[in-house]
Structures are given as C-alpha cells and as structure tokens.
Amino acid sequence: MSPVTFSDDQAEAYDALTDLLARAGIDLMNSTLLPLQEDRSQVMAIVGKAGSGKTLLLAKMVEALEAAGVDLISGDYEGRARKDRRTLAVLAPTNKAASVLRTRGVPATTIHRIIYTPMYDPEYEKIADWLVGTGDRPEVEGLTDAALDRAKAFYDAHKSIPGALAAAGLKGSDFIQGWKRREDPLDIGFVDESSMLDEKQYEDLRDIFSTLVLFGDPAQLAPVGQSGKMVFDTLKDGRKLELSRVHRQEQDNPILDLAHALSDPALSFEAFERLVEEKARDDDRVVYAGRVEAALMARSPVLVWRNVTRIRLIQAWRAAYGATVETLLEGEPLICDGIELPLKHRKKRIDLEARGLIKGAQVIYLGPGKRPGFSRLHVMGAEDPQVSAASIIKIEAPDEEEPFIPFAAHMGATFLHGSAVTIHKAQGSQWDTVQVFAPDLYAAARSGREEAGTPLWKRLAYVAITRAENRLLWVTRARLARPSGPLITDDLRTAPAQLKLETETDG
C-alpha cells in the first residue's frame, strides 16, 4: 500500500473503521480474514466538508481491504459464489459520482448496478471466469486466440469484464442476457456522496450489506422530501465521525476557501460576492464573470436554483447554436428524467437503467438511432457510455405548461435538456469547470429561506461551488456569450470506453 500521511482526524477515523471491520472478521492490521463470530449488521458514517480528506481515506481503506484478500465487486460480473470469500463494493448514487471516484483510482460503481446484477450467456461466462482467475482459458466458438488475448490484456489493465469482452469483438447483447435483482448479500459497502441517499435506498443497502460505511458531506442539500435530514443524521454517537481539518493537499485551493467561508454565520450574500471578487483578482481558478459562456454549457451545465432560470438559459443556449424547436443538434446535452415503461416491461426498464440511463444521468445526444424514436447517446461518467435507446426528449419553454417533444418513441427513456440544471440535481457530480448563476442565489438570499437551520443560499452556494474540480465561474449577470464555434462530439467518439450497447426498447 502506498505511503500516506493522515491528518489526526483521518487517522482516528481509519482506526475506527479498522475496529468496525475487525468485528466483520477482517483483520487489517495483519491483512488476514478471520471467521465471522456472529451475524451482525453495523453502520458507520464518515462525514466532512469538501477537502477534508474523505476520498483519500476511502481509497486507502479499499487498498487495505484488497490487500487482506477481500474480493472487490464491480457490478460487471461476480462469478461463482464461494463460501470462504469476503466482498466489498464501492458505491455512488449516480454514474457521474462513481466516475469521479474512478478517476481517483477507486473502482466504484452505482448503487443500481449492485442491486441489479447481469445474467451472462453461459458460453461467454467461461471467458469471464477465466479473466477473474476462477476458470481455465476457454475455447469459444467464433473467438480466436488473438481475440482472447485482447480480452485478457484489456482486463488486466482496466478490470472491466464488459470492456474485455468488447475488446474481443463482442457486443453487450451477445453476452448479457438480462438483469435480475440481487439475491445473495454482500459483506461490506462503502457509499460515497451518501448525503444524496433517500430512506428507500438506505434500506435497500442495509438489506444487502452487513457492514455499511457512509461517506458524506453534511453541508450539502438533503434529498427532496426529507426535511433537511440525511440518512446518517440518525446514527448514534460513535457511529458518525467528522473530518474537520482541511487536508494539507487541499489547503491551497481558492474554490475550497470560498466553500468553507460560507460556514461563517455572519457572512452576508453581498460580503460573499466581494470575497469571490477578491479571489478572482488573486487566482485565475476563480472568475468573476459578467456573462455565461455558451461553449462550457455543452459539457458542464450552468448551475441555477430556480426552474424558470434553468428553462430560460436552455432556450437562450439552443437559440445561440441555431437549434429550432423541431430539431435536436448532435452534441446537445440531456439529462435522463426516468424511464416511461409499463410494469409488464420491467425487464426492459432494468436493462436501460443498468446501462446507465438512471434518473439524473447526464448524456450527450449523438444523433438519431436506426429505428424511429431511437437516439444514439453518450452517458457521461458510465464505464461503457455508448448506448442506443428508445427516447422521449422534452424541450421545456418559458410560460408553457407542456414541453415540446421534437421526436419520441412510444415509450422508453425520457430526457430533459441538460445545458442548465438545478443545484439540487447537480449533487454528486463534478466538472472541471463550473458556472454558477449568482442572480439565482441572490434571489434565494432575498427569500430568507433556511434548510436545517442554515440559510438556503449558503447551502446552494456551497454545493454549487464544490462541483468545480479546477475552475469556478461566478456569473453575475443574466447574459449569454456567443458560442465560439459549432457543437462537437469528436471528443466523445474517441473516448476510452470500448463497449457499445444497443438497447432496442420500443415496447
């Protein structure tokens, strides 16, 4: 395990987790697995604001568990169950949140991909067993030795079974026959961005994992309908540890400085804007902007509070790129708003969701599919992002109760436009550069509203600011800069994900 210097509170949390895992039969001190003494259910939360080192702690715990012989479950493929094995899954509520962890070297998947597991064709399951080390090199009709070698090389580098099978020349429809709800429980679950969990998801996870560790930020916005409460707020003393010190690697970061400044109860909105302006003068990672940059909106949406602002920005952006109400341009960003399928098509719903089209997923439109009503899509943050699916695309307009639908399948995945999103829906996501629409936060400040005892505008500002990985644009006026060029999708077509999945769902 690579060396690391923990802060005092990180070291305390690491020791507490070590004790928790020892009760689950995993001895991290000696990297060994022990017999379980009793069947118990236990939950712990590690909470802290942005920059406090939650992700570093999570990553080091994953390294230690793997070194002790715990099997990491990815959601791709689990192989044959063994009585003697111990399992770990690292989870996030959304594809984008999982991808943020993966870029930091933590092999994460979505909660949905753990609740539902893929069913593999038995012939291709032999390849998967060989790749994970539980079977011999197979002979499969139609696949050459060179194809199997490509699959092995890909798996060794990326630890993805679907990616490896795609490298061998197979499509997802060749080897995945369907999806089923998990029947076998797992041992340990690490859940990042757990402030986004609702009570139903939390109970589902408690049913699956005997040991559950929640990593979350108490300063974020609670799920809608939970009165400002997060699932870890109910944990008793000793089961919730807080990382309070900003980790040394994050100390020289003006974006985090702004986020932490919001904890000052005396700070007004006007004083905060002055602070943003001062940071912008000293550091080019913060920009005090007089208008929204249209080009950035194609990949990272403008973050707003009010729905009416979101819709007006979307309409202005589409007009700037020359889109009409009857057309959808290649490169337009969309947000999945759910799946519209009747109960009798439950298997198709699971198939779409397992491929990344869950509510809140950010996608880029790549053009029409081969069948009427189908779209070719790139699911941002998904490990295997290329999907073709029956689509119902809704373009909302100001002062209109019903959205315009440029085209639609009879049923399938539904989408709203994604060039602007509410701050609530942005939780769990991160982008290199983020634009925050400050006039909306000013409106929230003027409203005087609070959430869990904190002014709403401060919670909104905190969540919005911490979505930015490297650069923050604080937009002060309702103006949109003209785009510098047309929309492009070349960067997505050449992305590293190899697997293209066709989900021909038309009801």
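None of the values given here were measured: they were computed from a predicted structure.
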Quiz item: What distance separates Q201 CD from D198 CG, expressed to the nearest 0.5 Å?
Solution: 4.0 Å

Quiz item: Sequence neighbours excluded, which residues qualify as side chain to side chain donor-acceptor pair (under 3.5 Å) partners of T324?
Solution: E326, T327

Exercise. Assess the pair W474 and F272: is the distance between their ring centroids shorter than 6.0 Å?
Key: yes

Quiz prompt | By side chain to side chain donor-acceptor pair (under 3.5 Å) - contacts of S419 (at least two apart) | solution = H417

Practice problem: Indicate whether any N or O donor in one side chain lies under 3.5 Å from an N or O acceptor in the other, for W317 and E332. | Solution: no

Exercise. Look up atom CG in L262 and atom CZ in R459, then write down how far apart they are to the nearest 0.5 Å.
Key: 11.5 Å

Practice problem: Using the salt bridge (Lys or Arg N to Asp or Glu O under 4.0 Å) rule, collect all pairs that involve residues 296-306, keeping only residues at least two apart or in two chains. | Solution: R299-D491, R306-D440

Quiz item: How would you list, by chain and number, every residue that makes a side chain to side chain donor-acceptor pair (under 3.5 Å) with D264, sequence neighbours excluded?
Solution: none

Practice problem: Could you check whether the rings of F190 and F215 sit parallel, tilted or perpendicular, using 30° and 60° as the cut-offs? | Solution: perpendicular

Side chains of residues 287-297: which donor-acceptor pairs under 3.5 Å do they make with residues two or more places apart or in other chains?
none

Practice problem: Starting at CD of E450, measure out to CH2 of W457 and round the result to the nearest 0.5 Å. | Solution: 12.5 Å

Practice problem: Could you tell me which residues satisfy side chain to side chain donor-acceptor pair (under 3.5 Å) with Y202, sequence neighbours excluded, listed by chain and number? | Solution: R206

